[in-house]
Amino acid sequence: MDRVQLCLTPIFFLVLVPCVARGPNALGLSYDFYNKTCPNVEKIIRNVVSQKLLEAPVTAAGALRIFFHDCFVEGCDASVLIASRESNKAERDAEINLSLPGDGYDVFFRAKRALELQCPGFVSCADVMAIATRDLVNLVGGPRWEVKKGRRDGLISKASRVDGNLPQVNQTIPQLISLFKSRGLSTMDMVALSGGHTIGFSHCKEFMPRIYGYNSTFDIDPTMNQEYARTLRSPCPQRHLDPTVVALNDVTTPFIFDNAYYHNLKKGLGLLASDQMLVLDPLTRGYVDMMAADQQLFFNYFVESMIKLGQVGVKTGSDGEIRRRCDSFNN
């Protein structure tokens, strides 16, 4: 996993979102799950992620992407953090996950180690991921929301189960909607969660088909801002391509969590084909317009969607374990 280092200072915001009812839900999760066993869990995690973000500003985007990949395969159970062994190729080493950034993994591992020093054996890696991701989004300008806790860590992590369970850049909007629906997420959730691309980056191979030999009529994807596409050719040449080179998903405010992503789509500045299609397809265009027009509305939708995402495939009780190390099963 390649580390991207940029010398930038993170920006700290507090954005208030509507309160939600407190107490346990049908999944067995609750806001006060660790009140007796690890009462400072959120403070410990926030201290760790704040320090990590100062060291590597790309951490927020990396953690958000890893959290999404985790929840879409086997549910939100930290199975993506498991390292492969000779007897098992884990999720983390599936081809689509090989580009997940090392700083994203590192912040989760650091937070877990800090918790093990204070309250060993109580806080799951799955909850660490949910809380740390929330904090990182907030620390780079996004909203803050309360996270229900009580997830258990999964007992299965297999690369063979990843294929077909994560969005692909060349999928159509109906295909993407169907995938999100299978996880209990609506079209609105899909558009709101795509707004996470307001931070982060993508490797050249994910968008090069748009900027070279698009089809027999157009050399560059006609839905893409042509000047923007040409600027991407320099860091992403057809010959002698460096596979570690990345391009920023948001060309205007790439390290601030805001609604600029949606404005960019309306200008043909979406980096990935699946992003640009959101503003072109009538099934999703209305949501893009709404979120571009009102940043607070985007934040509210994003919070609602992240809460739903964080409950996908959750394991509680005997369905999982509390790992001592996030990258390996207890047994």
_For His203 and Phe201, take the angle between the two ring planes, folded into 0 to 90°, and tell me which bin it lands in: parallel under 30, tilted 30 to 60, perpendicular over 60._
perpendicular
*Hey, what do you get for CD (Gln118) to NZ (Lys43), rounding to the nearest 0.5 Å?*
10.0 Å
*Return yes when atom CZ of Arg324 has more than 12 non-hydrogen atoms of other residues, nucleotides or ligands closer than 6.0 Å, and no otherwise.*
no
_Tell me whether Arg46 is salt-bridged to Asp135, with the criterion being a basic N under 4.0 Å from an acidic carboxylate O._
yes
*Just how far is it from atom NE2 of His69 to atom CG of Leu64, taken to the nearest 0.5 Å?*
9.5 Å
*Are Leu278 and Met188 co-members of a hydrophobic cluster defined by side-chain heavy atoms under 4.5 Å apart?*
yes
*Ion pair Lys112/Asp153, N-O distance below 4.0 Å*: no
_Which heavy atom of Ser79 sits nearest to which heavy atom of Val73, and what is that distance?_
OG-O, 3.7 Å
*Count the heavy atoms belonging to other residues, nucleotides or ligands that lie under 6.0 Å from CG of Asp242, then report whether that count exceeds 12.*
yes
*Hey, could you give me the OG/CG distance between Ser274 and Asn170, rounded to the nearest 0.5 Å?*
8.5 Å
*Decide yes or no for Leu272 and His197: does some side-chain heavy atom of the first lie under 4.5 Å from some side-chain heavy atom of the second?*
yes
*At what distance, to the nearest 0.5 angstrom, does CE of Met224 lie from CZ of Phe218?*
15.0 Å
_For Leu176, is there any backbone N or O sitting under 3.5 Å from a side-chain donor or acceptor partner on Gln171?_
no
_Closest heavy-atom pair and its distance - Cys125, Leu81_ = CB-CD1, 4.4 Å
_Determine whether Arg323 and Asn330 satisfy the following criterion, side chain to side chain contact (heavy atoms under 4.5 Å, CB included), listing intermediate values before the conclusion._
CA-CA 6 Å; Arg323 287 186 214 136; Asn330 288 343; 4.0 Å; yes
*Cation-aromatic face contact Arg85/Phe329, 6.0 Å, 45 degrees*: no
*Do the side chain of Asp70 and the main chain of Ala78 share a donor and acceptor less than 3.5 angstrom apart?*
yes
*Hey, are Arg65 and Ser202 close enough side-chain-wise for a donor-acceptor pair under 3.5 Å?*
no
_Donor-acceptor pair, side chain of Ser234 and main chain of Thr231, under 3.5 angstrom_ = no
*What's the spacing between Phe207 CZ and Tyr212 OH if we round to 0.5 Å?*
9.0 Å
*Are the side chains of Leu309 and Asp189 in touch, meaning some heavy atoms are under 4.5 Å apart?*
no
*Run the ring-centre check on Phe298 versus Phe257 and record whether the distance is less than 6.0 Å.*
yes
*Do you know which two heavy atoms are closest between Thr187 and Leu283, and how far apart they sit?*
CG2-O, 3.7 Å
*Which atom pair, heavy atoms only, marks the closest approach of Val48 to Ala111?*
CG1-N, 3.6 Å
*Are any non-hydrogen side-chain atoms of Met291 and Asn259 less than 4.5 angstrom apart?*
no
*Heavy atoms only: give me the nearest Arg152-Ala126 pair and the separation to one decimal.*
O-CB, 3.9 Å
*Tell me yes or no: between the side chains of Asp103 and Thr59, is some donor less than 3.5 Å from an acceptor?*
no
*Count the heavy atoms belonging to other residues, nucleotides or ligands that lie under 6.0 Å from CZ of Arg325, then report whether that count exceeds 12.*
no
*Report yes or no: does Arg151 contribute a side-chain atom to a donor-acceptor pair with the main-chain N or O of Gly310 at less than 3.5 Å?*
yes
*Is Phe302 reachable from Ile177 through a run of hydrophobic residues whose side-chain heavy atoms are each under 4.5 Å from the next?*
yes
*Can Tyr261 and Asp275 be counted as having a side-chain donor-acceptor contact under 3.5 angstrom?*
yes
*Do Asn300 and Glu304 touch side chain to side chain, with heavy atoms closer than 4.5 Å?*
no
*Show your reasoning for whether side chain to side chain contact (heavy atoms under 4.5 Å, CB included) applies to Tyr262 and Val279.*
CA-CA 8 Å; Tyr262 300 104; Val279 75; over 6 Å; no
*Could you give the distance from CG (Leu248) to OG1 (Thr198), rounded to the nearest 0.5 Å?*
11.0 Å
*Does any non-hydrogen side-chain atom of Leu136 lie less than 4.5 Å from one of Val140?*
no
*asked:* Donor-acceptor pair, distance only, cut-off 3.5 Å: does the side chain of Lys148 make one with the backbone of Glu146?
replied: no
*Heavy-atom closest contact (Lys266 atom, Ala292 atom, distance)*: CD-CB, 3.8 Å
*Hphob cluster co-occupancy, Tyr214 + Leu232, side-chain heavy atoms under 4.5 angstrom*: no
_Can you confirm whether Gln175 is buried at CD, in the sense that more than 12 heavy atoms of other residues, nucleotides or ligands lie under 6.0 Å from that atom?_
yes
*Shared ILVMFWY cluster between Leu271 and Leu280, side chains joined below 4.5 angstrom?*
no
*Between Arg183 (side chain) and Phe72 (backbone), is there a donor-acceptor pair under 3.5 Å?*
yes
_Is there a side chain to side chain contact (heavy atoms under 4.5 Å, CB included) between Leu155 and Glu321? Walk through the geometry before answering._
CA-CA 7 Å; Leu155 303 172; Glu321 64 180 5; 3.6 Å; yes
*Expected output: side-chain Ser194 to main-chain Met190 donor-acceptor under 3.5 Å*: yes
*Following the transitive rule for hydrophobic clusters with a side-chain heavy-atom cut-off under 4.5 Å over Ile, Leu, Val, Met, Phe, Trp and Tyr, establish whether Ile220 and Met277 coincide in one cluster.*
no
*Go through the side-chain N and O atoms of Ser50 and Asn47 and say whether any donor and acceptor fall under 3.5 Å apart.*
no
*For the residue pair Val80 and Leu100, establish whether any side-chain heavy-atom pair is separated by less than 4.5 Å.*
yes
